[in-house]
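Just below is one structure, and these are the notes that go with it.
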Amino acid sequence: MNAGILRVENAAKVYRVSAGMFRGGLDLHAVSDVSFRVGEGEVLGLVGESGCGKTTMAKLILGLEALTRGNIFLEGRSVRKMGHREIARRVQPIFQDPYASLNPRKSIGAIISLPLRALGMGNRGEWDEKVREIMNLVGLPPRLRHNYPNQLSGGQRQRVAVARALIMRPRIVLCDEPTSALDVSVQAQILNLLIDMREAMGVTYILISHDLAVVEHLATSVAVMYLGRIVESGPAAEIFRHPLHPYTQTLLASVLTPDPRKGLPKVSLDAEYPNPIRMPPGCSFHPRCPRAQEICRSQRPEAREDGGRRVACHFPGPA
Ligand SMILES: Nc1ncnc2c1ncn2[C@@H]1O[C@H](COP(=O)(O)OP(=O)(O)OP(=O)(O)O)[C@@H](O)[C@H]1O
Ligand SMILES: [Mg+2]
């Protein structure tokens with residue numbers, strides 16, 4: 001791996017939330033001490049249950065939220081020192097819901113060309129040409145550029161979101177649940193489109209999903225998040241074949257349903273998902289962990305690195 005087109009160093013985001021009688025509010029630790037890097041052309045899959053901090057991490061990378069602690073470097077430059085435009089030139093997002101993320105009053109052509117216009121890149125003639133070019137590339141008939149989002153299918157709308165993200169040829173595309181609002185039949189088309197675009201344009205992806213099957217399809221490396229922290233990370237093939245953290249093992253086991261039409265079962269963990277306002281002491285996962293011992297209740301496990309893999313667990317190993 002190279003030095004890393006994206007480097008996240010001890011990133012943390014704490015939200016202050018109002019909490020009834022507690023004057024001044026309480027701290028909600030959405031992201032805690034997260035570090036990872038993504039090399040050029042890689043696809044990093046960021047996975048974990050709802051509420052573990054995936055979207056918050058995405059917002060920190062996109063500069064949509066300010067870091068509480070730590071730092072993030074895009075092509076070696078700190079996001080703390082970059083304006084929105086500079087960040088937008090390097091990273092473009094694709095969000096979950098193409099209904100919510102496309103302005104219903106703008107034509108498809110206007111939506112796709114927005115990043116170029118917002119960043120002041122090129123002139124009207126060039127925008128039009130680039131819109132046609134990228135529409136062809138993502139499999140949208142260019143005549144649709146005069147239409148509006150409500151005249152398109154869900155899959156076409158997500159193609160519009162992909163086209164908008166790619167039009168100014170960013171180095172990184174950050175996909176937050178890019179297919180979870182789509183019909184199963186369309187999901188594969190969009191995933192294949194993302195794969196094709198990676199080959200055509202050499203983009204680096206961060207792919208956020210709670211669906212490990214989606215990540216397995218695309219990712220070259222995987223980071224598993226639990227309660228705001230990365231508990232395990234490494235090359236995708238190894239994580240899927242030999243998960244070492246008990247949380248990763250449970251997540252993987254829950255995906256292996258015999259009948260995919262039945263959807264994903266709930267993760268078979270006994271205790272409730274803990275509250276990020278009242279974090280458990282020691283290892284955050286210990287209340288749900290089948291392997292928990294005394295040390296897990298009192299001492300947070302440091303991430304240990306071994307041959308490109310990192311695991312934060314006192315008792316890592318095969319299930
Ligand atoms: N603006 C905010 N103010 C306060 N708390 C927030 C805010 N945004 C997120 N949170 C909290 O931070 C935690 C992480 O939320 P986040 O949206 O990052 O999770 P997620 O992993 O993306 O979940 P999902 O899979 O449901 O999208 C949650 O407990 C959430 O309630
Ligand atoms: Mg989210």
Side-chain angles (χ1 to χ4, degrees), residues 6 8 10-20 22-36 44-70 72 79 91-101 158 161 165 173-182 187 190-191 194 205-216 218-219 222-233 245 247-248 250-252 254-255 263-267 269 271-280 284-285 287-288 312:
L6 169 72
V8 176
N10 309 104
K13 178 69 189 177
V14 180
Y15 289 111
R16 204 101 248 265
V17 295
S18 60
F22 294 96
R23 193 174 289 224
L26 293 172
D27 284 344
L28 186 153
H29 299 266
V31 168
S32 305
D33 201 20
V34 165
S35 299
F36 61 85
L44 173 76
L46 191 58
V47 298
E49 282 166 288
S50 182
C52 72
K54 304 181 298 293
T55 297
T56 305
M57 195 59 241
K59 287 179 178 167
L60 294 172
I61 294 169
L62 291 162
L64 301 175
E65 290 279 8
L67 286 152
T68 306
R69 283 185 297 280
I72 295 174
V79 295
V91 198
Q92 282 285 312
I94 297 172
F95 289 113
Q96 169 173 12
D97 187 352
Y99 295 76
S101 64
Q158 201 56 315
V173 173
L174 200 160
C175 312
D176 190 354
E177 304 277 7
T179 61
S180 47
L182 302 173
Q187 285 181 5
I190 297 296
L191 291 178
L194 293 174
Y205 286 115
I206 297 161
L207 177 65
I208 292 177
S209 183
H210 64 272
D211 186 344
L212 283 166
V214 166
V215 168
E216 183 164 25
L218 281 182
V222 172
V224 180
M225 266 183 105
Y226 186 79
L227 262 183
R229 293 174 187 275
I230 293 182
V231 295
E232 176 160 17
S233 62
H245 196 287
Y247 179 60
T248 314
T250 317
L251 270 188
L252 280 170
S254 74
V255 187
L264 295 179
K266 281 223 159 24
V267 177
L269 294 161
E272 286 280 296
Y273 192 76
N275 184 336
I277 297 175
R278 258 169 278 117
M279 288 282 201
S284 330
F285 185 57
R288 300 168 87 190

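As the structure lists them, so they are numbered: ligands from 1, and atoms in each ligand from 1.
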Just going by heavy-atom distances, which of Gly51, Ser18, Pro276 is nearest to atom 23 (O) of ligand 1?
Gly51

Rounding to 0.5 Å, atoms CG (Asp211) and OG1 (Thr179) come to a distance of 7.0 Å

Among all the protein's non-hydrogen atoms, which is closest to atom 25 (O) of ligand 1, and how far away is it?
Lys54 NZ, 2.8 Å

Check each of Thr68, Ile277, Thr56 against Tyr15 using the side chain to side chain contact (heavy atoms under 4.5 Å, CB included) test, and report the only one that passes.
Thr56

With distance as the sole test, does Tyr247 use its side chain to make a donor-acceptor pair with the main-chain N or O of Val224 at under 3.5 Å?
no

Please could you name the atoms of ligand 1 that Thr55 approaches to less than 4.0 Å, counting only its heavy atoms?
17 (O), 18 (O), 20 (P), 22 (O), 27 (O)

If the cut-off is 4.0 Å to any non-hydrogen atom of Val17, which atoms of ligand 1 fall inside it?
4 (C)

protein heavy-atom neighbour closest to atom 26 (O) of ligand 1 works out as Ser50 OG, 2.5 Å

Ignoring hydrogens and angles, tell me if any N or O in the side chain of Gln158 forms a donor-acceptor pair with the backbone of Phe95 under 3.5 Å.
yes

Close side-chain approach of Ile208 and Met57, heavy atoms under 4.5 Å:
no

Looking only at distances, can you tell me whether any N or O atom of Glu65, backbone or side chain, sits closer than 3.5 Å to an N or O atom of ligand 1?
no

Within reach of ligand 1, part of Leu28 (heavy-atom separation under 4.0 Å)
side chain

Is atom 28 (C) of ligand 1 less than 4.0 angstrom from some protein heavy atom?
yes

Approximate separation, where rounding is to 0.5 Å, of Ser32 OG and Met279 CE
4.5 Å

Check whether any heavy atom of Cys52 sits under 4.0 Å from an atom of ligand 1.
yes

What is the closest protein heavy atom to atom 15 (O) of ligand 1, and at what distance does it sit?
Thr56 OG1, 3.8 Å

Take the angle between the ring planes of His245 and Phe285 and call it parallel below 30°, perpendicular above 60°, tilted in between.
tilted

Identify, for atom 1 (N) of ligand 1, the protein heavy atom at the shortest distance, and state residue, atom and that distance.
Tyr15 CE2, 3.5 Å

Using 2.8 Å as the threshold, say whether any N, O or S atom from Gln96 sits that close to the Mg ion (ligand 2).
no

In terms of heavy-atom contacts, Val91 and Leu174 come closest through CG1-CB, 4.1 Å

